[in-house]
Visitor: 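Take a look at the following structure, please.
In what follows, every chain begins at residue 1, and chains take the letters A, B, ... in the order their sequences are listed. Model, not experiment: these values are computed from the prediction.
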Number of protein chains: 2
Amino acid sequence: MPLDCRISTGSTTPIYRQLIDQIRLVVLRGRLTPGDRLPSVRSLAQRLVINPNTVARAYGELARDGVIESQQGKGYFVATKRQVYTRAHRRRRLAPLLEALVSEAALLDFSADDVTAALQEKLREYGLEPS
Amino acid sequence: MPLDCRISTGSTTPIYRQLIDQIRLVVLRGRLTPGDRLPSVRSLAQRLVINPNTVARAYGELARDGVIESQQGKGYFVATKRQVYTRAHRRRRLAPLLEALVSEAALLDFSADDVTAALQEKLREYGLEPS
DNA sequence: ACAACTGTACTAAGCACACTAATACAGTAG
DNA sequence: CTACTGTATTAGTGTGCTTAGTACAGTTGT
């Protein structure tokens, strides 16, 4: 069963965003491995009863981010080689998320240890290696 | 000098959001302490050359979040007692931010140690206590 | 009591942008 | 040639942000 996505049209988060997030997760968690083909723009659109453009947009952004790759006339495939980012670029991209997390944590009066512990748990959930 | 805010109308982030973020920071960092009065809706609007409604919206949301409190006819003041949240509520509110951070970190191929180190640094920047 | 300040609430309008849809164009494979 | 693939352009629709105007209610000092 290739890529079982579920989208809710009633949600406030746009459809294309839901697709991006779900596909990202599927790839990160290894349920789709490099080289695997994704459903075609039209077939996925038909299955989810949404417009092909919406799928195309999601695929397009994922391609921009290096998660998947497109081959004209063939389809979309999970990227074989991960994008190589500079250290500066990676930090710059992570910074706002880190800022948001800590800012909210401070407002909620979390202790540093609480936040650290929660992070460790989440890191384990994603299977990130220590180093 | 009470609350020097700077907003950029050219930014993609809406004005009311910029206000919220800046005031949150000012309060968190102790530049305004509990009981301190904020500029009136109209005066701040005039100073920043924006509509009073926009300021009112920012203040309103900050009040909803328990950062500041309103007193009819008197003004807005930094909240004297922080909102008390249940443990479940606090975790529920932090969860999506944590999810976003770790998900992005995984995609960027950060190691767990990298993320943890970055977090520690940010926590220190915000002056959060260990426990 | 009055004036001048505070917050609060509501409606309406304009504007920009995000989202989605429809359609047409271009490459690939059998 | 046909039927699939991705790609690009255009257009319609909605929604969020901001502004403006108006009105009402509470507080303070004169």
Visitor: Nearest-Å distance, CD (B:Gln46) to C1' (C:dT6)?
Guide: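 In whole Å, C:dT6 C1' lies 15 Å from B:Gln46 CD.
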
Visitor: Do A:Arg42 and A:Gln46 have side chains that approach each other closer than 4.5 Å (heavy atoms only, starting at C-beta)?
Guide: no

Visitor: Tabulate atom names and distances for all N/O pairs under 3.5 angstrom spanning the protein and nucleotides 18-24 of chain C.
Guide:
{"from": "C:dC19", "atom 1": "OP2", "to": "A:Tyr16", "atom 2": "OH", "distance (Å)": "2.6"}
{"from": "C:dC19", "atom 1": "OP2", "to": "A:Arg57", "atom 2": "NH2", "distance (Å)": "3.1"}
{"from": "C:dT20", "atom 1": "OP1", "to": "A:Ile15", "atom 2": "N", "distance (Å)": "3.2"}
{"from": "C:dA21", "atom 1": "OP2", "to": "A:Asn51", "atom 2": "N", "distance (Å)": "2.9"}
{"from": "C:dA21", "atom 1": "N7", "to": "A:Asn53", "atom 2": "ND2", "distance (Å)": "3.0"}
{"from": "C:dA22", "atom 1": "N7", "to": "A:Asn53", "atom 2": "ND2", "distance (Å)": "3.0"}
{"from": "C:dA22", "atom 1": "N6", "to": "A:Asn53", "atom 2": "OD1", "distance (Å)": "3.2"}
{"from": "C:dA22", "atom 1": "N6", "to": "A:Asn53", "atom 2": "ND2", "distance (Å)": "2.4"}

Visitor: In whole angstroms, how far is the P atom of C:dT28 from the CD atom of A:Gln71?
Guide: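 After rounding, the reported distance stands at 10 Å.
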
Visitor: Tell me whether the side-chain N/O atoms of A:Lys74 come closer than 4.0 Å to OP1 or OP2 in C:dA29.
Guide: yes

Visitor: I'd like to know if B:Leu62 and B:Phe77 are part of one continuous hydrophobic network [Ile/Leu/Val/Met/Phe/Trp/Tyr, side-chain heavy atoms within less than 4.5 Å].
Guide: no

Visitor: Do any pairs count as a ring pair (Phe, Tyr, Trp, His ring centres under 6.0 Å) and have a residue in residues 36-68 of chain B, sequence neighbours left out, and if so which ones?
Guide: B:Tyr59-B:Tyr76

Visitor: Tell me the interatomic distance from B:Leu44, atom CG, to C:dT6, atom P, rounded to whole angstroms.
Guide: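 Taking atom P of C:dT6 as the reference, CG of B:Leu44 is at 11 Å.
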
Visitor: Distance check needed: D:dG6 P versus A:Glu61 CD, whole Å only.
Guide: 17 Å

Visitor: Indicate yes or no for a side-chain donor-acceptor contact from B:Asp36 to the backbone of B:Thr33 under 3.5 Å, with no hydrogens or angles considered.
Guide: yes

Visitor: Would you mind reading off the distance between A:Tyr59 atom OH and D:dA8 atom C1', rounded to a whole angstrom?
Guide: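 Taking atom C1' of D:dA8 as the reference, OH of A:Tyr59 is at 19 Å.
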
Visitor: Answer yes or no: does a side-chain N or O of A:Ser70 lie under 4.0 Å from OP1 or OP2 of D:dG6?
Guide: no

Visitor: Quick one: which residue pairs count as a salt bridge (charged side-chain N to carboxylate O under 4.0 Å, His left out) with a foot in residues 101-111 of chain A, not counting sequence neighbours?
Guide: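 Salt bridge (charged side-chain N to carboxylate O under 4.0 Å, His left out) check on residues 101-111 of chain A returns A:Glu104-B:Arg24, A:Glu104-B:Arg93, A:Asp109-B:Arg82.
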
Visitor: Less than 4.5 Å apart, side chain to side chain, heavy atoms only: is that true for B:Leu101 and B:Leu119?
Guide: no

Visitor: Write down the distance between CD (B:Gln72) and C1' (C:dC5), rounded to a whole number of angstrom.
Guide: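 Spelled out: CD on B:Gln72 to C1' on C:dC5 is 13 Å.
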
